[in-house]
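Excluded from the calculations below are hydrogen atoms, water molecules and symmetry mates; all remaining heavy atoms, backbone and side chain alike, are included.
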Amino acid sequence: MTAPLRVALLGCGTVGGAVLRLLDEQAGDLTARIGRPVQVAGVAVRRPDRHPEVPADLLTTDALGLVARDDVDLVVEVIGGIEPARSLILAAVEAGKSVVSANKALLAEDGVALHAAAAKAGVDLYYEASVAGAIPLLRPLRESLAGDQIRRVVGIVNGTTNYILSRMAETGAGFSEALAEATELGYAEADPTADVDGFDAAAKAAILASLSFHTAVTAADVHREGISAVSATDVARAAEIGCTVKLLAICERVAGEDGDTVAVRVHPAMIPTSHPLAAVGGAFNAVFVEAEAAGQLMFYGQGAGGEPTASAVLGDLVAVARNRVAGAAGAGPTAYADLPARPIAETPTRYHVSLDVADVPGVLATVATAFAEHGVSIATVRQDGHGDAATLVIVTHSAPDAALSSTIAALRELPAVRGVTSVLRVEGLS
């Protein structure tokens with residue numbers, strides 16, 4: 001069969017433009033890998049006049065008409081957002097076309113319905129580019145580790161926040177200064193809310209948890225905290241105990257008396273500098289996977305950008321095109337486990353707490369009593385300074401997050417505590 005496979009490209013921004021260029025530059029190799037040529041049938045954009053680099057006969061503003069065309073075999077969606085992307089993907093699969101998407105927000109919100117539609121239509125829905133850019137991650141979770149049981153996935157999945165926290169650690173800058181630098185260099189958007197408030201990482205965490213634990217997890221199931229409250233003092237305190245601060249996406253299968261649950265959270269945390277994730281700097285991403293038989297695995301690379309993300313899109317495009325040539329869709333992920341989501345209040349965590357205290361006898365005993373009354377055990381404690389500059393720095397043992405939160409609330413009410421100056425979760429300490 002030599003007839004070309006025809007591709008509809010939805011969106012032609014940074015990623016879409018890179019996809020279009022790579023399809024042209026690598027046309028010969030792609031033909032050899034797939035067994036048939038790949039040809040762009042059309043490119044749907046909102047404002048064609050902004051894309052002079054695209055042949056005019058390919059441009060259209062009618063995205064729905066493009067995906068419905070009889071001469072289109074495959075659809076690549078790089079629009080982003082919920083609508084019209086959802087309607088366009090559903091229209092494509094219902095018309096019998098396999099879809100490659102980079103849309104983390106949509107997959108985190110409505111992945112179950114999209115997979116069901118694709119399975120019903122007998123087509124593929126691939127989305128490697130939705131998490132961690134160029135890093136081959138989702139396919140290993142879905143296929144290579146399909147015979148294993150994944151217990152935990154911990155990752156740095158947002159390059160903007162990792163750049164900001166890395167610069168804070170390297171230079172001693174505060175959050176605002178590091179964000180301004182990230183914006184100037186193009187690592188942060190003009191409106192950085194999705195990144196710095198953790199929405200981007202939470203969507204990716206939902207996708208990772210769904211694949212890892214064979215359970216439908218949405219962004220609403222993910223506890224989310226951003227990094228805007230992380231101070232230069234927090235980063236300095238972390239360094240004092242041999243740690244660094246990272247925004248982590250943490251997906252865990254937690255065993256309990258009533259069976260396993262899935263705990264998914266995104267928040268800044270201190271991790272030891274000896275942990276592999278601690279060395280991940282700048283705008284890079286890395287994901288650490290712990291499985292029963294495979295043990296510990298780490299995936300590292302560029303997590304964003306036009307060409308890295310386009311690389312993942314083209315990898316998926318080759319896979320679905322090969323399936324198309326073979327006349328069968330690949331096996332999609334299964335949500336057979338149906339594990340309940342564990343709320344953050346019940347999730348075991350550890351805290352690093354800094355307290356501004358009065359330097360008087362009995363303060364330590366009073367503080368320790370507050371922890372004990374809430375069932376929280378103290379791992380380490382030290383006092384810095386004297387008099388008006390006295391500070392207690394406490395690291396707890398693991399306890400339900402609700403117990404730790406209620407302890408912090410109680411500490412704020414103690415007369416001997418002038419202020420709770422820093423609270424950060426701690427991961428990876430023995």
Side-chain angles (χ1 to χ4, degrees), residues 104-116 127 130-132 137-158 198-225 246-269 271 277 285-299 331-350 398-405 425-428:
K104 55 188 172 286
L106 176 57
L107 288 157
E109 177 174 303
D110 214 18
V112 172
L114 295 175
H115 279 298
Y127 44 92
S130 66
V131 179
L137 175 62
L138 301 190
R139 198 168 301 153
L141 291 176
R142 186 177 63 236
E143 299 174 10
S144 303
L145 294 171
D148 207 341
Q149 186 172 92
I150 297 172
R151 300 302 307 184
R152 197 164 190 257
V153 178
V154 182
I156 297 167
V157 295
N158 182 273
F199 290 100
D200 176 85
K204 295 170 180 176
I207 294 169
L208 289 172
S210 298
L211 289 176
S212 299
F213 308 126
H214 309 285
T215 290
V217 178
T218 70
D221 298 316
V222 181
H223 174 79
R224 175 191 53 79
E225 298 174 25
K246 297 292 185 182
L247 181 72
L248 299 180
I250 303 171
C251 313
E252 299 173 294
R253 184 172 182 144
V254 184
E257 294 181 0
D258 299 325
D260 288 0
T261 57
V262 171
V264 190
R265 48 199 166 103
V266 166
H267 54 69
I271 58 174
L277 290 176
N285 284 190
V287 178
F288 200 72
V289 178
E290 299 176 23
E292 291 284 357
Q296 297 178 335
L297 308 167
M298 184 161 152
F299 302 83
T334 55
Y336 66 85
D338 198 27
L339 300 176
R342 190 182 191 99
I344 186 65
E346 299 173 12
T347 301
T349 58
R350 301 180 66 184
S398 182
D401 199 83
L404 288 158
S405 296
R425 293 183 180 83
V426 180
E427 295 290 329

Review point. Does any N or O in the side chain of Ser210 come within less than 3.5 Å of the main-chain N or O of Leu208, such that one atom is a donor and the other an acceptor?
Key: no
Point to revise | Residue pair Leu138 / Tyr127, side-chain heavy-atom distance below 4.5 Å | key: yes
Practice item. To the nearest 0.5 Å, tell me how far Leu141 CG sits from Ile150 CD1. Key: 4.5 Å
Review point. Given side chains that start at C-beta, do those of Val264 and Asp221 come closer than 4.5 Å, heavy atoms only?
Key: no
Review point. Would Arg425 and Glu225 pass as an ion pair if we require N to O under 4.0 Å?
Key: yes
Review point. So which heavy atom on Ile207 is nearest to which on Ser130, and how close?
Key: CD1-OG, 3.7 Å
Exercise for review: Decide yes or no on side chain to side chain contact (heavy atoms under 4.5 Å, CB included) for Asp338 and His214, but give the supporting numbers first.
Suggested key: CA-CA 7 Å; Asp338 198 27; His214 309 285; over 6 Å; no
Review point. Ion pair present between Glu427 and Arg265, side-chain N to carboxylate O less than 4.0 angstrom?
Key: yes
Check your understanding: Hey, are the side chains of Leu248 and Val154 touching, using non-hydrogen atoms and a 4.5 Å cut-off?
Key -> yes
Revision key, fill the gap. CZ (Arg342) and CG (Asp260) are apart, to the nearest 0.5 Å, by 9.5 Å
**Study point:** Side-chain donor/acceptor of Asp148 to backbone N/O of Ala294, under 3.5 Å
**Key:** yes
Check your understanding: Once you round to the nearest 0.5 Å, how far does CD1 of Ile250 lie from CZ of Arg152?
Key -> 5.5 Å
Review point. Does any non-hydrogen side-chain atom of Ser398 lie less than 4.5 Å from one of Arg350?
Key: yes
Review point. Of the non-hydrogen atoms in Ala263 and Val254, which two are nearest, and what is the gap between them?
Key: CB-CG2, 4.0 Å
Practice item. Measure across Ala206 and Ala108 and return the closest heavy-atom pair with its distance rounded to 0.1 Å. Key: CB-CB, 4.0 Å
**Study point:** Heavy-atom side-chain proximity of Pro340 to Val262 below 4.5 angstrom
**Key:** no
Review point. Quick one: CD on Glu252 to OG1 on Thr347, what's the gap to the nearest 0.5 Å?
Key: 7.0 Å
Check your understanding: With a 4.5 Å limit on heavy-atom distance, are the side chains of Leu145 and Val289 in contact?
Key -> yes
Exercise for review: Calculate, to the nearest 0.5 Å, the distance between atoms CZ and CD1 belonging to Phe288 and Ile156 respectively.
Suggested key: 11.5 Å
Point to revise | Between Thr349 and Asp401: side-chain donor-acceptor atoms closer than 3.5 Å | key: yes
Check your understanding: Do NZ/NE/NH1/NH2 and the carboxylate oxygens of Glu290 and Arg151 come within less than 4.0 Å?
Key -> no
Check your understanding: Which distance, rounded to the nearest 0.5 Å, do you find between the CG of Leu107 and the OG1 of Thr218?
Key -> 12.5 Å
Review point. So, do Val131 and Leu137 sit near enough that their side-chain heavy atoms are less than 4.5 Å apart?
Key: yes
Practice item. Determine yes or no for a side-chain-to-main-chain donor-acceptor pair under 3.5 angstrom, with Lys204 supplying the side chain and Val157 the backbone. Key: yes
**Study point:** Beyond-backbone contact of His223 with Val266, side-chain heavy atoms, under 4.5 angstrom
**Key:** no
